[in-house]
Amino acid sequence: SSGINAEYGGSKTPYHMVSGNILDFEFPCKPVSLFSVHRHGTRNIGKKVVKRIDLLVNSLKKEYMKNGLPITSLSWILDFAHQHQPNKDLVVEGYIQLMEQGQRFAKAFPELFSNHDNVQVATSYKGRCISSALSFLQGAYGGKIRVSNTSQIQQTEDIKRHCEDMCHVYDPIINGKEEHRIIQFEHQQNDLLRYYNDCKNYVTKNNDKSTWQAIPNRYLFSKPMTKLTKKMSKRLEAEMSPHDVVTLHILCSLEIAMPRFVSNSHWCSIFKDKELFTTAFYLDLMRYESKMMPEAVNSSCVLFQDGLKFLETSRGASLKFAHTETIFPLLEHIRYLTEPMEMTRGALNRQFWGDITPLGGNFFLVAMECPGSSERTLQAFLNEKPIEFPGCGVPCKLEKVREMFPEQECDFEEICEKVKIDFKKFMTADMILAAIACIIAIHIIFQYMFT
């Protein structure tokens with residue numbers, strides 16, 4: 001076996017390791033409206049991570065070819081070659097994750113999906129999100145649909161490149177038949193699904209990497225990481241840095257995310273006991289510090305308000321396909337996540353885990369109508385597991401959620417446009433001493449002038 005737990009995988013955790021099954025839930029009343037936000041499925045890892053992996057693996061190969069293997073059980077490293085392309089396109093596992101979700105959702109909500117006019121799909125402009133949405137629809141409708149905006153969607157560069165035997169998910173935009181019903185499909189709804197990129201105050205703070213990376217970097221050279229780095233250097237008989245050890249963790253999680261390439265993970269087997277929790281803490285700390293800034297959390301209100309309006313006024317399904325940084329701030333906005341992630345909590349004692357939004361993860365709300373009542377009640381789900389909507393009680397009335405999140409309190413311009421002075425930046429020791437010196441000098445001058 002791989003020897004890896006879901007928590008170790010962080011944001012690279014495959015969906016099946018943490019998900020529930022919506023078909024196992026018995027709704028107390030009739031579902032009339034569905035609002036869901038899905039993370040794209042498993043994808044390639046991008047140029048930066050490919051470069052980082054290649055540097056470490058080639059360094060180990062060079063060391064062992066020069067000085068010999070420390071132990072024969074590490075001989076596999078000499079033959080290792082990862083299967084990832086230097087892009088972020090969806091891979092086969094990702095197509096399957098979303099297609100299977102579509103199958104389950106269509107079975108769980110047959111009335112919501114049967115009327116095509118009441119189903120609306122939206123994605124960010126990224127190809128992995130468009131491909132995930134089309135995979136979901138393939139599962140829900142078996143390819144017997146067309147989608148709107150086909151000519152514009154076909155112009156997207158980063159789709160269809162690694163679909164292998166899953167390329168049929170693109171039939172609705174290529175081979176749609178006249179007799180097939182049309183699903184409304186908006187493939188560049190970036191104002192709602194990449195809301196953080198339109199939030200100037202968030203973008204400014206996120207670009208200031210030296211500031212937000214200070215805490216993760218401090219952890220990188222903390223006692224737990226230093227201890228683990230020494231162990232790994234001895235275990236592999238190669239000089240390792242803390243960054244190298246984190247890269248080993250990434251290699252481990254990637255093998256778990258793409259099981260068709262390996263029957264078990266060699267990279268995971270290098271770690272012993274609960275050592276992977278040490279590196280997982282660093283990776284999740286990086287994610288928390290960059291994605292969960294107050295500006296990102298507060299600006300996610302625009303997406304939540306869109307969902308609330310749909311649940312209040314519509315019948316059918318509103319399906320969104322986006323990113324982990326779309327969902328995480330939303331979960332804190334509704335107060336599902338409340339505890340800050342701090343170094344003092346330790347590797348295990350924390351609320352925030354990367355696998356809350358696994359590859360193919362989702363957060364969705366279902367509005368229901370009960371016999372003899374015109375009021376709608378609400379049930380929340382995270383990765384197809386039912387959760388209580390924070391502060392709403394059971395049953396949760398949709399009207400109460402609206403009272404908790406009034407539309408007028410979602411002022412995107414106030415959150416994102418107005419310049420806020422961070423006085424903490426000016427409260428350094430040097431600045432405080434300089435201010436005291438100025439006050440003393442002014443006091444002396446006034447005494448001299450008036451005596």
Worked check of side chain to side chain donor-acceptor pair (under 3.5 Å) between Q97 and T42: CA-CA 8 Å; Q97 285 160 352; T42 301; 2.9 Å; yes
Please check this pair: side chain of R146 against backbone of H180, looking for a donor-acceptor N/O pair closer than 3.5 Å. yes
Whether the H187 and Q152 side chains hold a donor-acceptor pair (N or O, under 3.5 Å, no angle test) is what I'd like checked. no
Would a 4.5 Å heavy-atom cut-off, applied to side chains only, mark V121 and F136 as touching? no
Within the side chain of N44, is there an N or O that forms a donor-acceptor pair under 3.5 Å with the backbone of K88? no
Hey, can you tell me if Y219 and F281 have their rings parallel, tilted or perpendicular (30° and 60° cut-offs)? tilted
Less than 6.0 angstrom separating the ring centers of F27 and F109, yes or no? yes
Between the main-chain N or O of M286 and the side-chain N or O of S290, is there a donor-acceptor pair closer than 3.5 Å? yes
Are the charged groups of D284 and R287 less than 4.0 angstrom apart, N to O? yes
Evaluate the side-chain proximity of F271 to H249: yes if any heavy-atom separation is below 4.5 Å, no if none is. yes
Got F363 and L365 here, is their nearest side-chain heavy-atom distance under 4.5 Å? yes
L69 side, atom CG; E63 side, atom CD - distance, nearest 0.5 Å: 10.5 Å
Could you tell me whether a side-chain N or O of Q188 sits under 3.5 Å from a main-chain N or O of T123, the two making a donor and an acceptor? no
Please check this pair: side chain of T156 against backbone of I153, looking for a donor-acceptor N/O pair closer than 3.5 Å. yes
Count the heavy atoms of every other residue, nucleotide or ligand shown that sit under 6.0 Å from CZ of F405, and state whether that count exceeds 12. yes
Ignoring hydrogens and geometry, is there a side-chain-to-backbone donor-acceptor pair from Y288 to G354 under 3.5 Å? no
Do T247 and D244 have a side chain donor and acceptor closer than 3.5 Å? no
If the threshold is 4.0 Å, N to carboxylate O, is there a salt bridge linking D355 and K12? no
Donor-acceptor under 3.5 Å (E295 side chain, Y202 main chain): no
Can K227 and E275 be said to form a salt bridge (charged side-chain N to carboxylate O under 4.0 Å, His left out), step by step? CA-CA 10 Å; K227 185 178 178 182; E275 289 174 346; over 6 Å; no
Just by distance, with hydrogens left out, do S151 and N149 show a side-chain donor and acceptor under 3.5 Å apart? no
Do any N or O atoms from the side chain of N118 and from the backbone of G316 form a donor-acceptor pair under 3.5 angstrom? no
Less than 4.0 Å between a side-chain N and a carboxylate O, is that true for R350 and E339? no
Side chains of Y64 and S75, donor plus acceptor under 3.5 Å: no
Just checking, any donor-acceptor pair under 3.5 angstrom between side chains of Q189 and E186? yes
Return yes if some donor-acceptor pair links the side-chain N/O of E255 with the main-chain N/O of H266 below 3.5 Å, else return no. yes
Q101/N362 under side chain to side chain donor-acceptor pair (under 3.5 Å): CA gap, chis, key distance, verdict: CA-CA 10 Å; Q101 278 182 44; N362 51 67; 3.1 Å; yes
Please determine whether the number of non-hydrogen atoms from other residues, nucleotides or ligands lying under 6.0 Å from atom CD of E179 exceeds 12. yes
May I ask you to check whether E325 and Y195 show a side-chain donor-acceptor distance below 3.5 Å? no
Electrostatic pair K234:E239 at N-O distance under 4.0 angstrom: no
Where the side chain of R52 meets the backbone of H243, is there a donor-acceptor pair that is under 3.5 Å apart? yes
So H323 and Y196, side-chain contact (heavy atoms from CB on, under 4.5 Å) or not? Walk me through it. CA-CA 11 Å; H323 310 270; Y196 43 87; 3.7 Å; yes
Salt bridge flag under 4.0 Å for residues K160 and D89: no
State, without any angle test, whether H40 and S132 hold a side-chain donor-acceptor pair at a distance under 3.5 Å. no
